[in-house]
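We name chains A, B, ... by the order of the sequence lines, and we start the count at 1 in each one. Computed from a predicted model, the values in this text were never measured in an experiment.
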Amino acid sequence: MNTRLYQYFFTIIAFLALVVSCKHENVEPVAPRFLFKTNVDGSELQKGIMKYTNMAGNLYEVDELQCFISEVRLTAANGEVFPIVSDSGIHYIDIDIPYTLEWNPADRLPVSSYTSISFIFGIDEAKNKIGLFVNPPERDMFWPDMMGGGYHYMKMNGKWKATGDTIKPFNLHLGIGMNEDGTVFYQNYFKVTLPLNIQTTPNNNVFTITMNIEKWFEAPNLWDWNQTGGQIMQNQNAMLKACENGANAFAVSFSGSVK
Amino acid sequence: MILDLEKRIVIMVKKNVKWFAFRRILSFGLVLLAFSFSDCKHDDTDYNPTPYIIEVPKYFPTHMNIPPDNPMTVEGVELGRNLFYDGRMSGKTNADSMMSCGTCHLQSSSFECGINHPKFLGGRPFGITGIKTPHFMLPMINLVWNETGYLWSGAIFEGNTSRSQRNIEDIVGMAVTAPHEFAGDTNKTKSMIQSISGYPELFEKAFGSRTVTMRNISKAVAQFTRTLISSDSKFDRYMRGEEQLSTQELNGYVLFMTEDGADCFHCHGGSGNPLFTTNLFYNNGKDSVFNDPRDRFSITGDPSDKGAYKATTLRNIELTGPYMHDGRFKTVEEVIGFYSQGIIWSPNVHPLMHHAYDGGINLTQNEKTDLIAFIKTLRDDIFLTNPAFGPPTKLPDGAKPIEN
């Protein structure tokens with residue numbers, strides 16, 4: 001090719017690049033918004049009222065619920081994965097603190113169709129170290145250092161009607177587990193993956209993640225407080241069963257901006 | 001010159017705007033600008049306080065409860081320290097009618113009055129007129145990190161609809177007028193402080209004006225109170241790797257931090273929360289009938305908060321008896337005994353008090369001894385003797401500060 005041909009070629013390439021780049025700039029990225037809700041088999045949780053019966057027949061109430069989710073990732077139809085990395089990629093949820101029920105991370109997603117969302121319930125071992133949070137309310141989730149340290153993945157506090165109609169407190173607390181002599185530790189966090197079939201736009205950007213509390217007590221492990229006892233922080237077997245059940249406790253829905 | 005500038009700008013923009021309106025706005029803006037310049041000039045020459053920087057100890061919170069309208073300054077803290085220990089804060093000068101914050105809040109007792117106080121027998125303070133305080137005292141430690149409300153019920157909190165009940169500043173004014181404290185009058189207090197030589201100069205340095213106001217009195221005392229930081233107990237040094245705990249103390253630490261042990265940490269903090277309180281409110285199973293008009297329920301209206309009170313910090317706890325809002329326990333040993341075998345179950349007991357149904361945590365005598373040994377590692381003698389927290393040698397006019 002002669003020099004003139006090269007000049008034509010590069011001019012066309014430059015023009016096309018400009019067009020493509022301008023088009024790209026005109027597409028506004030999506031600001032994802034996450035809302036967190038809790039229910040009991042579809043009905044909004046009414047805390048502090050002993051009105052729920054789990055599959056094992058325990059009448060129970062939930063008084064407090066605090067937890068962490070982290071490592072949220074959205075998978076696009078083309079297989080590309082978009083992680084949410086702002087705020088250390090960790091979000092704290094407390095049903096008594098309204099601002100924690102919404103997360104507006106600084107991350108931006110491309111306008112695209114997405115086929116799934118995943119997150120870790122709890123915090124993985126890379127980040128779950130004491131000192132990660134020094135301010136409340138996250139700080140108050142700390143997990144004893146001699147039991148593995150880091151932070152509770154969840155504190156669900158409530159009461160149930162035990163055998164003999166006595167009311168007893170329960171504390172469904174999850175975090176790092178350990179064996180009886182404290183020589184082996186177990187990372188009990190778990191990954192939740194939920195399918196999506198959505199198309200994001202700047203105005204269609206709201207992911208609502210809902211926890212069905214009853215699912216913590218159903219399957220694969222029938223949860224009977226009379227069998228497990230009310231407290232499980234030092235009962236790795238019970239924590240493991242709870243985590244297996246918890247993996248089924250979440251659902252996601254997608255909608256446009258909520259004012 | 002200002003008018004020339006105004007004229008030029010008006011000429012420049014009048015093609016595009018309704019220039020009469022613009023001219024009015026511009027004139028008003030220029031007048032405001034002139035005032036603001038003259039104000040700045042005054043500040044630069046007469047008022048230049050030094051910022052007081054709180055160095056956050058390792059593992060302590062970085063969020064601090066300092067109102068935007070009362071930034072910490074060296075001058076404000078020093079003024080507040082003088083006022084904190086000046087008995088004339090009551091607005092009176094008779095020996096039997098003088099009272100200050102320092103009358104009841106003793107540094108040696110972690111800023112409570114202490115159970116062995118010679119005047120406040122059994123650790124129950126009362127005001128100038130003899131009226132007892134509704135509740136026993138809370139220690140004044142690390143209050144700059146309290147974001148959930150002050151007092152046993154958290155009645156003084158940021159979002160309070162009453163603008164006069166939101167922070168430590170407001171508690172100072174309340175102390176002056178409360179019948180069970182100074183039983184005074186803020187105007188008298190203000191006039192009294194204004195009349196004492198040396199104070200107007202300190203107010204000028206701290207707030208830019210020699211005129212004493214109750215608001216500035218309150219701000220200064222609040223600033224001093226926010227400097228009262230305890231972060232150097234034996235346990236702090238253990239956490240920093242500077243000192244080892246004894247076997248007995250370590251045993252107690254494990255009990256403190258484990259759910260199957262004494263499970264103190266969920267409410268009182270620990271390695272992950274060096275304040276040794278969540279600053280939250282719990283019904284800890286002291287009673288089964290709840291009719292205190294000053295419990296947490298009185299603030300929230302939530303029935304589950306009946307009989308709930310703030311979890312106190314355990315720092316220096318061995319010095320802050322008697323214990324609980326009503327001072328029912330005289331010693332740490334009595335408190336441990338209560339948590340071990342004396343908890344009363346009721347529907348209002350917080351679910352974190354999971355041992356309640358069994359009457360308590362049922363510790364053995366050895367476990368109780370270990371737990372108390374650990375709790376005593378939270379004593380901070382540096383805090384208790386720091387001269388910066390104690391009374392000044394003399395007050396601005398040379399008078400002697402109140403010191404019990």
#### Entry: Which of B/Asn279, B/Asp260, B/Val254 touches chain A most, by non-hydrogen pairs under 4.5 Å
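Heavy-atom pairs under 4.5 Å are most numerous for B/Asp260.
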#### Entry: Closest-packed option against chain A by number of heavy-atom pairs under 4.5 Å, given B/Asn273, B/Val56, B/Asp263
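The option with the most such pairs is B/Asn273.
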In terms of heavy-atom proximity below 4.5 Å to chain B, should [X] be classed as side chain, backbone, both, or neither?
X	value
A/Leu132	neither
A/Ile167	both
A/Asn157	both
A/Asp140	side chain

### Message
Run the side-chain hydrogen bond (donor to acceptor under 3.5 Å, both in side chains) test on B/Thr62 and A/Asn135 for me, step by step, so that the C-alpha distance in whole Å, both residues' side-chain angles and the decisive distance to 0.1 Å come before the verdict.
### Response
CA-CA 7 Å; B/Thr62 53; A/Asn135 295 307; 2.8 Å; yes
### Query
Under the criterion side chain to side chain contact (heavy atoms under 4.5 Å, CB included), which of B/Tyr253, B/Phe256, B/Phe265 is the partner of A/Pro144?
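The single option meeting the side chain to side chain contact (heavy atoms under 4.5 Å, CB included) with A/Pro144 is B/Phe265.
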Evaluate whether atom [atom1] of [X] has more than 12 neighbouring non-hydrogen atoms of other residues, nucleotides or ligands under 6.0 angstrom away.
X	atom1	result
A/Lys241	NZ	no
B/Arg294	CZ	no
A/Lys37	NZ	no
A/Glu44	CD	no

#### Entry: When A/Gly230, A/Pro137, A/Gly158 are compared by non-hydrogen pairs under 4.5 Å with chain B, the top option
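If we count pairs closer than 4.5 Å to chain B, A/Gly158 comes out on top.
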### Query
In terms of heavy-atom pairs under 4.5 Å with chain B, which of A/Met146, A/Lys159, A/Gln231 leads?
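That would be A/Gln231.
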Heavy-atom pair of closest approach, residues [X] and [Y]:
X	Y	answer
A/Ile130	B/Gly272	CD1-CA, 3.7 Å
B/Met353	A/Pro169	O-CG, 4.1 Å
A/Met147	B/Met257	SD-O, 4.3 Å

### Task
With rounding to the nearest 0.5 Å, note down the distance linking CE in A/Met233 to OG1 in B/Thr258.
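If we round to the nearest 0.5 Å, A/Met233:CE and B/Thr258:OG1 are 8.5 Å apart.
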### Message
Let me confirm one number: the NE2-NZ distance from B/His266 to A/Lys155, rounded to the nearest 0.5 Å.
### Response
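B/His266 NE2 to A/Lys155 NZ: 5.0 Å, rounded to 0.5 Å.
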### Query
Taking the side chain from A/Lys168 and the backbone from B/His354, do they hold a donor-acceptor pair closer than 3.5 Å?
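The answer is no, because no donor-acceptor pair under 3.5 Å joins these two groups.
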### Message
With a 3.5 Å distance limit and no angle check, can you tell me whether A/Asn171 reaches the backbone of B/Pro351 through a side-chain donor-acceptor pair?
### Response
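Indeed, once roles are kept as given, a pair shorter than 3.5 Å links the two residues.
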### Message
I'd like to know whether A/Thr166 forms a side-chain contact (heavy atoms from CB on, under 4.5 Å) with B/Tyr357, so could you lay out the CA-CA distance, the side-chain angles of the two residues, the decisive distance to 0.1 Å, and finally the verdict.
### Response
CA-CA 9 Å; A/Thr166 55; B/Tyr357 189 77; 2.6 Å; yes
Per-residue contact mode, [X] against chain A (heavy atom under 4.5 angstrom):
X	value
B/Trp145	neither
B/Ser304	neither
B/Pro347	backbone

